[in-house]
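Data first, discussion second: the structure below is written as structure tokens.
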Amino acid sequence: MTRRRRQFSAEFKEEAVRMVLEGDRTVVSVAREFDINASTLGSWVNRHRVVSAQEERQALSGPERARIRELERENAELREKLIV
């Protein structure tokens, strides 16, 4: 007998992820409440974090990115001077 794979709506996934990220609840406790596998919910949470990070990086303007690169270079130079 084959077992049919469950499908979840985007709203369902968003609600479960929100409960983990915005509260003090663990992935395991939220997964139990929603009757889903903890590794499934964990992958949703990780995917959400990756997408959010990409959106934040894209939100930077060209001059802001250039300034960050400049500061990173300067930071590396100062670290080298401290080590030597």
Separation of N75 CG from E80 CD (nearest 0.5 Å):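 Separation between the atoms: 10.5 Å.
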
Pairing of E64 and R67 as salt bridge, 4.0 angstrom limit: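 No.
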
Chi angles and distances behind the salt bridge (Lys or Arg N to Asp or Glu O under 4.0 Å) call for E15, R18: CA-CA 5 Å; E15 177 66 15; R18 186 187 59 74; 2.6 Å; yes

Heavy-atom pair with the smallest gap, counting every atom of A31 and A38: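 For A31 versus A38, the nearest heavy atoms are CB-CA, 3.7 Å.
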
Apart from V20 itself, residues in the same hydrophobic cluster as defined by side-chain heavy atoms under 4.5 Å: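 F8, F12, V17, M19, L21, V27, V30, F34, I36, L41, W44, V45, listed by chain and number.
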
Any side-chain heavy-atom pair of T40 and R6 under 4.5 Å: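 Sidechains of R6 and T40: no contact.
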
Neighbour count >12 (heavy atoms, 6.0 Å) for atom CZ, R32: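 No, because the 6.0 Å sphere around CZ of R32 holds 12 heavy atoms or fewer from other groups.
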
